[in-house]
Amino acid sequence: MEKKERKKKSPAQVLRVTINRKQIQEKNSTETFLACIKKFGAEDVAALSDILVEGLPLVVPTKDDRLQMRQLDKHWFVCTHMPTKIKKSFLERIAKQLGVNVKIEIL
């Protein structure tokens with residue numbers, strides 16, 4: 001029986017986000033994404049009804065096992081299973097809707 005070759009993961013990308021002249025850059029894009037959502041305010045992000053991942057809200061109060069989610073704090077869960085480019089796009093949309101000035105770079 002031939003062994004199937006697994007697709008190699010691309011190298012990890014890092015997001016650097018500047019919000020109101022304060023830079024956020026964690027060890028990987030997921031950690032930066034979560035830190036930015038905390039900075040924006042999870043409740044405010046959850047209230048944005050058009051920020052959806054596969055038809056489900058990006059930020060929710062209870063974990064949904066259909067999506068890979070990370071717990072943000074004791075009240076909120078965030079879907080994190082997406083490429084870095086999509087995380088960047090979500091952060092740009094969230095910032096625009098909340099009226100926050102951001103600069104987002106993929107390193």
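Please read all numbers here as calculations on a predicted model, not as lab measurements.
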With H81 via side-chain hydrogen bond (donor to acceptor under 3.5 Å, both in side chains) - residues at least two apart: Q68
Residue pair L72 / A42: nearest heavy atoms and the distance that separates them: CD2-CB, 3.5 Å
Nearest atoms (heavy-atom pairs only) where F33 meets V78: CE2-CG1, 3.8 Å
Non-hydrogen side-chain atoms of L48 and F40 separated by less than 4.5 Å: no
Residues in side-chain hydrogen bond (donor to acceptor under 3.5 Å, both in side chains) contact with Q25, at least two apart in sequence or another chain: R16
Gap between atom OG of S49 and atom CG of L58 - 0.5 Å precision: 12.5 Å
Listed once per pair and sorted, the side-chain hydrogen bond (donor to acceptor under 3.5 Å, both in side chains) pairs that draw on residues 34-45, sequence neighbours left out: none
Residue pairs passing the salt bridge (Lys or Arg N to Asp or Glu O under 4.0 Å) test where at least one lies in residues 67-85, sequence neighbours excluded: E31-R70
Nearest atoms (heavy-atom pairs only) where M69 meets C79: CE-N, 4.0 Å
Partner residues of D64 under the side-chain hydrogen bond (donor to acceptor under 3.5 Å, both in side chains) criterion, sequence neighbours left out: R66
Inter-residue atom distance N101.CG - I19.CD1, 0.5 Å rounding: 10.0 Å
Distance in Å, I106 CD1 paired with T32 OG1, rounded so as to fall on 0.5 Å steps: 11.0 Å
Transitive ILVMFWY side-chain link V14 to L34, under 4.5 Å: no
Nearest-0.5 Å distance that lies between atom CZ in F90 and atom CG in L52: 7.5 Å
Point-to-point distance, once rounded to the nearest 0.5 Å, from CD1 of I104 to CD1 of I24: 10.0 Å
Crowding at CD, Q23 (>12 non-hydrogen neighbours, <6.0 Å): yes
Minimal non-hydrogen separation, W76 against A46, with atom names: CZ3-CB, 3.6 Å
Sequence-distant partners of K103, side chain to side chain contact (heavy atoms under 4.5 Å, CB included), two or more places apart: T18, E105
Which residues share a side-chain hydrogen bond (donor to acceptor under 3.5 Å, both in side chains) with T30, sequence neighbours left out: K87
What donor-acceptor contacts under 3.5 angstrom involve side-chain atoms of residues 91-99, with partners at least two apart or in another chain?
from	atom 1	to	atom 2	distance (Å)
E92	OE2	K88	NZ	2.7
R93	NH2	D50	O	2.8
Q97	NE2	D50	OD1	3.1
Q97	NE2	D50	OD2	3.1

Heavy-atom closest pair, residues L67 and V53: CD1-O, 3.9 Å
